[in-house]
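Positions are given from 1 along the sequence.
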Amino acid sequence: MTDLYTSTAEFYDLVAARQVAGSGPALRAVLADADPAAGPVVEVGAGTGRVTEVIAAAVPDADIIAVEPSAAMRAVLGWRIGRDAALRRRVTIVAGAAPDLPLPERLSAAVVFGVAGHLLPAERVRMWRRLTERMPSGAPVAVELMGTAAPRPMPATLSLRERIGRQDYEWWIAAEPAGPAVTRFTTTWKVLRDGRVLREVTDGYDWHVHDADTLARESGRPVRQFRRVGGHHVPRLGVVYA
C-alpha cells in the first residue's frame, strides 16, 4: 500500500477545505437520494475527513466506511471523526487502498474524490465493478473529475495561498505529459514569513487522466456530469449510476 502523501500530508487539509467549498453542494445533491437502508456509504480516499463530514450531513441515517491508505492522513481523519460523538458512532476508518478495497456485501453509495487518476485504467475498471455490483440500481458513485481528458503541460502555478498565524502557505502545481493518457504533476508547498521562504516541500505523482466519457466507458454505466448546482458553478463532478 503506497502512501503518496507522506511528505505533504501536513498541508493537505488546506486543500480539502477548498475542495469541500467547491464540490460539497453538488455532492450533497447527488447523495440526497441515496437509500441508507441499502447499506453504508463508502468513501474511497477519505483524506483528512472534510468530505466525510459532507457525506454524513447529506445522508444522516447512513453508516460510512472511510477508506484511507495514508497513515498521516488517517491521523487527522481519526482526530476529526473522534471529536464528534455522532460521527464516532457512524464512521468506520479503514486502512485500505483502491481498487482492492475491503467492502461489505451491500452499499448505498460511493464517493471517490481525488483518487481515480492515481489508478491505471484497468484498476479503475475493477473498482467501478466492485462498487456498482454491491449497489441497488440507480445508486450513485460520485467521482471528482480532476484535470482534463488529455495530458497537457502547465507551468508552475500558484493554486492556493492561506495564512495561519504569522506564516503564509503557498501551493504551487506544475504539470507535463508523461504518456498518451498520463500527466506528471509536481507540487510544491512553500511556508513563508514576511515574504521569506522558510521551508519548501516538493512531491510528484502520475495522474491517469479521465473525464465523464472515460467513466462511462470503463464502468459500462450511465454517467452524469454536474456543472451547476443551485445556480453555482461546480468544479468537475461526475456520477456513475449503478
Side-chain angles (χ1 to χ4, degrees), residues 3-5 8-9 11-32 34 40-59 62 64-70 72-74 76-77 80-81 87 91-99 101 103 107-119 123-124 127-128 130-132 135 139-148 159-160 171 173 183 185 187 205 207-212 214-215 218-219 223-227 229 232-241:
D3 189 340
L4 296 173
Y5 294 95
T8 57
F11 309 110
Y12 184 82
D13 204 56
L14 297 175
V15 180
R18 186 178 69 177
Q19 178 188 45
V20 164
S23 298
L27 180 58
R28 285 190 289 271
V30 167
L31 295 177
V41 179
V42 64
E43 182 185 7
V44 182
T48 57
R50 294 264 188 177
V51 174
T52 315
E53 292 178 320
V54 175
I55 297 169
V59 196
I64 300 167
I65 301 171
V67 183
E68 176 51 55
S70 168
M73 295 286 206
R74 286 197 308 274
V76 183
L77 173 62
R80 178 161 275 123
I81 301 306
L87 292 181
V91 180
T92 299
I93 299 172
V94 177
L101 306 163
L103 296 172
L107 296 169
S108 61
V111 177
V112 185
F113 271 29
V115 172
H118 288 310
L119 304 178
E123 293 175 324
R124 288 199 299 253
M127 181 172 67
W128 307 139
R130 295 189 67 233
L131 291 172
T132 56
M135 296 179 178
V141 180
V143 184
E144 191 176 39
L145 300 175
M146 300 170 60
T148 62
S159 182
L160 181 147
W171 186 36
I173 304 176
T183 298
F185 284 100
T187 65
Y205 57 87
W207 186 260
H208 300 271
V209 297
H210 56 281
D211 60 6
T214 306
L215 296 185
E218 293 176 349
S219 67
V223 173
R224 178 183 177 188
Q225 184 169 1
F226 281 75
R227 298 183 184 277
V229 171
H232 299 287
H233 175 73
V234 173
R236 300 181 296 275
L237 179 65
V239 183
V240 177
Y241 288 98

(request) Work out which heavy atom in Leu31 is nearest to a heavy atom in Ala58; give both atom names and the distance. (result) CB-CB, 3.9 Å
(request) Evaluate side chain to side chain contact (heavy atoms under 4.5 Å, CB included) for Leu131 paired with Val112, printing each intermediate quantity in order. (result) CA-CA 11 Å; Leu131 291 172; Val112 185; 4.3 Å; yes
(request) Check the angle between the aromatic planes of His210 and Trp207 and answer parallel, tilted or perpendicular using the 30° and 60° thresholds. (result) tilted
(request) Taking the side chain as every heavy atom from C-beta outward, state whether Glu43 and Val51 have any pair of such atoms under 4.5 Å apart. (result) yes
(request) Begin with the C-alpha distance, continue with both residues' side-chain angles, and end with the deciding distance and a verdict on side chain to side chain contact (heavy atoms under 4.5 Å, CB included) for Leu14 and Trp171. (result) CA-CA 9 Å; Leu14 297 175; Trp171 186 36; over 6 Å; no
(request) Under the side chain to side chain contact (heavy atoms under 4.5 Å, CB included) rule, what do Leu27 and Phe113 come out as? Steps first, then yes or no, please. (result) CA-CA 10 Å; Leu27 180 58; Phe113 271 29; 4.1 Å; yes
(message) Using modelled atom types and a 3.5 Å cut-off, is there a donor and acceptor pairing between side-chain atoms of Arg130 and backbone atoms of Leu101?
(response) yes
(request) Looking only at non-hydrogen atoms, find the nearest pair between Leu237 and Leu145 and report the distance. (result) C-CD1, 4.1 Å
(request) Mind listing the closest non-hydrogen atom pair of Met127 and Pro99 along with its distance? (result) CB-CB, 3.9 Å
(request) Go through the steps to decide whether Arg80 and Arg50 satisfy the test side chain to side chain contact (heavy atoms under 4.5 Å, CB included), and finish with yes or no. (result) CA-CA 8 Å; Arg80 178 161 275 123; Arg50 294 264 188 177; 3.5 Å; yes
(message) Closer than 3.5 angstrom, by distance alone: can the side chain of Glu144 be matched with the main-chain N or O of Gly114 as a donor-acceptor pair?
(response) yes
(message) For a quick test of reading the model, state the closest non-hydrogen atom pair linking Gly49 to Leu77 and the distance between them.
(response) CA-CD1, 3.5 Å
(message) Contact between Pro40 and Leu107 at the side-chain level, heavy atoms closer than 4.5 Å - yes or no?
(response) yes
(request) Please list, chain by chain and in numerical order, all residues satisfying side chain to side chain donor-acceptor pair (under 3.5 Å) with Glu218, sequence neighbours excluded. (result) Arg124, Trp128
(message) For Gly238, is there any backbone N or O sitting under 3.5 Å from a side-chain donor or acceptor partner on Gln225?
(response) no
